[in-house]
Amino acid sequence: MSRTEARRAPWAEAAVVAERRESALAIALLTACAGFIALWPYASVIAPGVWSLTGIGVVVVITTTGAAARYLGARRRGRDAWALLAQGIVAVCALIALLLPQTAALGIIPTGATLRALPPLTAQAFEQVQFGTAPLQDTLALRTMIAIGFAVITIILDHLVAQRLALFAAILVAAVGATPMIISFGDANIPWFVLLAILTLFLLRHSTRHDHRRPRRASSAVAFGVGAAAIVAALVVTPALPVSASWIGTGTAVQLNPSLRLGDDLRRPVPSDVITLATTAAAAPYLRIATLSGFNGRVWDSDEGDTQPLSEGFGGVEWAEDVAAEESRTSIRVVGVSSSWLPVPYPATKIAGASSGWEIMPGNRTVVSETRDAAGEDYTVTAAAVQPTLEQIRASSTALGPGDARAPDDLPQVIAETAREVTARAGNDYDRLIDLQAWFRSEFTYSLDAPVDGGFDGTGVDAVAEFLDVRSGYCIHFAGAFALMAQSLDLPVRIVVGYLPGRLADEKRGDEFVYVVSSDQLHAWPEVRFEGIGWVPFEPTASLGVPTGFQPASVEGGSTTGPASPAPSAAPSTAPTNGPERDDALDDSSAAGGGALQRLDPTPVLLVVAGVLFVLLLPALIRLVVRMRRRSRARAGDAVIAWRELRATLTDLGLPVSDADSPRARGAALIERGADADAVHTLVDAIERASYAQGAAQSGDLAGALALVSADLHRVVDVRSRAAALLLPRSLFLIDTSREPAYS
């Protein structure tokens with residue numbers, strides 16, 4: 001204990017304890033607010049559920065524990081260390097009680113079972129985030145990931161606030177909260193930016209107010225001025241971003257995944273353009289992402305198999321030499337999609353221009369990667385439109401192979417009975433499939449609000465049975481029901497997830513028409529394998545696309561229509577269409593032309609970065625302007641202003657400044673700290689003449705002496721103090737209370 005502490009009066013000790021307890025409560029309140037603000041944006045990418053209450057509970061428990069530890073230990077040293085230890089213990093117990101109580105002793109004490117349960121949950125959560133489409137479902141795995149992540153973030157925030165590192169705390173909240181908007185291409189959430197600016201002001205206020213080296217009173221005018229500027233900056237920058245019609249900024253995640261949960265994406269009120277393409281074909285093709293062949297009675301699993309580099313190609317063709325095939329090239333640019341799959345037409349035979357890291361899955365002619373993202377990719381795919389005659393496809397075998405999936409054992413009887421009833425008059429497998437397709441398209445209606453309870457987006461056996469009863473749904477219901485009914489007839493079938501052909505833009509690239517695909521054109525359709533022909537797509541979805549149908553050999557070309565041919569928009573139409581309609585409303589800003597496809601506009605990202613940097617650097621910019629003004633007046637001989645700037649420099653660097661010091665005493669202290677003696681004497685003499693001499697004239701140029709002393713002071717402090725003086729100048733927020741007329 002120092003002599004000063006030993007001589008401290010009892011009333012002074014009580015005042016210090018009271019101040020520490022007040023600070024403990026302020027730290028907890030600020031940390032809780034910071035945690036809630038960081039958590040809020042995740043509501044736009046995760047479906048409502050228990051995860052939000054779990055996250056809030058973790059933040060509250062940790063901040064309350066920290067406040068209690070600091071409040072009770074206000075008279076002791078190492079308060080923050082004890083708070084950290086208590087928070088760690090309580091956080092572990094709270095996480096176990098909220099997430100895995102069945103694996104723990106007394107519901108809160110971790111055991112070996114608890115530790116063994118965490119790795120699979122972590123793997124499931126990462127898989128859900130990587131391959132899922134927003135809003136993600138509230139699962140135990142995702143809940144665990146969110147809770148653990150925010151437990152760590154809250155503890156870090158608590159100690160950043162306690163150490164008065166306001167700028168770092170604000171940056172952490174900004175980084176965590178902005179992540180959902182950045183990775184999901186979501187809209188800017190204006191209220192969140194405003195709250196972040198307000199939180200930053202309170203963090204700065206707390207940082208300076210609880211600094212023992214500060215002057216005793218703060219400047220409210222300067223604080224409110226900086227706050228207003230920060231909020232205005234947030235409101236000026238964010239409207240330039242692609243903001244949604246909703247003021248709360250829920251955002252739209254544009255992500256591809258091979259699951260059959262497309263309903264939320266199709267029901268989004270504000271679709272966005274995600275792909276542009278130009279093709280030599282007569283019309284735009286369907287673009288596939290992945291195929292799903294395995295079915296466990298509840299969900300269809302995406303196909304997995306051996307992959308090979310792009311340089312090795314897609315392998316041999318699946319159709320016989322006597323089957324006609326028309327080759328075409330399609331140039332594709334992905335402008336607003338995050339995915340581990342490249343959209344390609346079928347059947348692709350060659351791909352060029354894609355980045356290294358992509359691989360081909362020859363089994364289903366898709367393109368995948370474990371390391372690359374489809375966003376920004378620009379590539380050209382060569383594909384062949386297979387066009388067998390009606391006679392060829394009727395004669396083709398559809399026998400199940402050893403690797404083909406069979407109908408599940410628990411298939412509801414109504415599915416198989418309905419399939420046999422609908423196809424009773426057909427004499428071959430192709431005609432059976434055509435009868436199924438026609439039945440769906442004529443007896444069912446397309447609806448995004450179909451009443452399929454207990455799994456609205458589901459393709460499980462129960463959901464399909466209910467769909468056959470209500471006879472209303474959208475693409476996944478049609479594709480799932482068609483596939484299960486085809487399986488009940490012992491046909492090799494799979495489901496494809498991808499995009500419908502886009503709308504025709506009012507631009508061309510050379511002789512090629514340009515098409516634009518929007519996010520609401522996600523689609524699913526079934527395919528059946530025919531020997532010597534390959535996988536043939538069908539379109540059972542009512543009012544969408546063109547139903548599959550092959551012509552006899554006597555008809556020229558033996559053409560086919562269907563999902564491999566031009567088709568639909570994402571919404572139902574009054575009648576099938578043979579191709580996408582021309583979008584006359586598409587102007588030059590949204591269409592590709594002049595020999596190039598549409599590119600991703602980097603302006604919103606640059607505006608976000610510029611806005612964040614401006615808000616963070618605003619205090620430094622204001623301090624720079626104030627310093628330049630004062631040095632200009634010091635150059636003219638104004639000793640009072642020069643002395644005030646010297647005092648502001650001491651405050652910014654965290655060096656002690658006492659209102660009781662005379663100019664000479666302060667000058668002597670500066671020289672002891674390493675400041676140039678001649679420069680200090682120049683400033684001291686000038687302020688003494690200005691303060692005490694009657695009718696004293698202006699001194700000579702003081703700017704040089706002021707700059708020299710300031711540079712010397714910066715050299716004697718550590719890097720952290722210099723960084724704080726630059727980015728978070730305390731003098732902007734504080735004024736002194738000295739009543740000395742001149743040098744104060």
Side-chain angles (χ1 to χ4, degrees), residues 288 290-297 300-306 314-325 346-347 361-366 384-411 413 415-440 459 461 464 479-496 525-540 547-553 558 560 562-564:
R288 67 179 49 214
T291 59
L292 301 90
S293 301
F295 183 67
N296 62 9
W300 289 81
D301 296 322
S302 57
D303 295 335
E304 297 180 357
D306 295 334
F314 288 86
V317 299
E318 301 165 351
W319 52 95
E321 293 183 358
D322 59 339
V323 176
Y346 182 82
M361 191 180 296
N364 58 6
R365 294 182 181 269
T366 58
V386 183
Q387 299 176 347
T389 64
L390 180 60
E391 292 82 2
Q392 286 175 324
I393 195 168
R394 279 177 169 171
S396 177
S397 170
T398 56
L400 288 170
D404 293 324
R406 268 66 172 176
D409 296 334
D410 59 346
L411 187 71
Q413 190 174 2
I415 297 178
E417 289 181 351
T418 304
R420 288 193 294 269
E421 179 183 344
V422 172
T423 62
R425 297 183 181 180
N428 57 75
D429 289 337
Y430 170 73
D431 288 342
R432 292 186 184 95
L433 294 168
I434 291 297
D435 287 347
L436 276 179
Q437 176 181 260
W439 180 70
F440 278 114
T459 51
V461 293
V464 168
F482 186 102
L484 286 182
M485 294 174 76
Q487 278 191 343
S488 73
L489 299 174
D490 293 328
L491 300 178
V493 64
R494 67 187 183 188
I495 295 178
V496 182
W525 63 92
E527 289 182 338
V528 178
R529 189 184 66 245
F530 289 81
E531 293 297 329
I533 296 175
W535 289 92
V536 176
F538 290 84
E539 182 58 277
T548 296
F550 294 92
Q551 301 297 326
T560 176

Those residues that, when tested against Trp319, pass ring pair (Phe, Tyr, Trp, His ring centres under 6.0 Å) (two or more places apart): none

Minimal heavy-atom distance between Ala481 and Phe440, with the atoms involved, is CB-CZ, 3.7 Å

Heavy atoms of Leu390 and Tyr430 approach each other most closely as CD1-CE2, 3.4 Å

Given side chain to side chain contact (heavy atoms under 4.5 Å, CB included), test Val464 with Met485 step by step and report yes or no. CA-CA 10 Å; Val464 168; Met485 294 174 76; 5.9 Å; no

Which residues satisfy the side chain to side chain contact (heavy atoms under 4.5 Å, CB included) test with Asp306, sequence neighbours excluded? none

Please name all residues satisfying ring pair (Phe, Tyr, Trp, His ring centres under 6.0 Å) with Phe482, sequence neighbours left out, ordered by chain then number. Phe538

Of all heavy-atom pairs between Ile415 and Ser488, which one has the smallest distance, and what is that distance? O-OG, 4.5 Å

Between Val422 and Asp435 the two heavy atoms that sit nearest each other are CG1-O, 3.8 Å

Any sub-3.5 Å donor-acceptor pair from Gln437's side-chain atoms to Thr548's backbone N or O? yes

Begin from the C-alpha positions of Arg432 and Asp429 and carry the test salt bridge (charged side-chain N to carboxylate O under 4.0 Å, His left out) through to its verdict. CA-CA 5 Å; Arg432 292 186 184 95; Asp429 289 337; 2.6 Å; yes

Is there any side chain to side chain donor-acceptor pair (under 3.5 Å) pair reaching into residues 526-538, and which pairs are they, with sequence neighbours excluded? Arg288-Glu527, Asp404-Arg529, Arg494-Glu527

Would you give the length of the straight line joining atom CD1 of Ile533 to atom CZ of Phe550, rounded to the nearest 0.5 angstrom? 7.0 Å

Taking all non-hydrogen atoms of both residues into account, name the closest pair between Gly480 and Ile495 and its distance. CA-CD1, 3.9 Å

Check whether Thr423 reaches the backbone of Ala426 with its side chain - one donor and one acceptor, N or O, closer than 3.5 Å. no

Donor-acceptor check, side chain of Ser396 to backbone of Ile393, threshold 3.5 angstrom: yes or no? no

Not counting sequence neighbours, which residues clear side chain to side chain donor-acceptor pair (under 3.5 Å) with Ser293? List them please. Asp303

I'd like to know whether Tyr346 forms a side chain to side chain contact (heavy atoms under 4.5 Å, CB included) with Thr291, so could you lay out the CA-CA distance, the side-chain angles of the two residues, the decisive distance to 0.1 Å, and finally the verdict. CA-CA 11 Å; Tyr346 182 82; Thr291 59; over 6 Å; no

The criterion is side chain to side chain donor-acceptor pair (under 3.5 Å); which residues satisfy it with Glu421, sequence neighbours excluded? none

4.5 Å side-chain heavy-atom contact, Val493 and Val528: yes

Do the non-hydrogen side-chain atoms of Val386 and Pro347 ever get within less than 4.5 Å of each other? yes

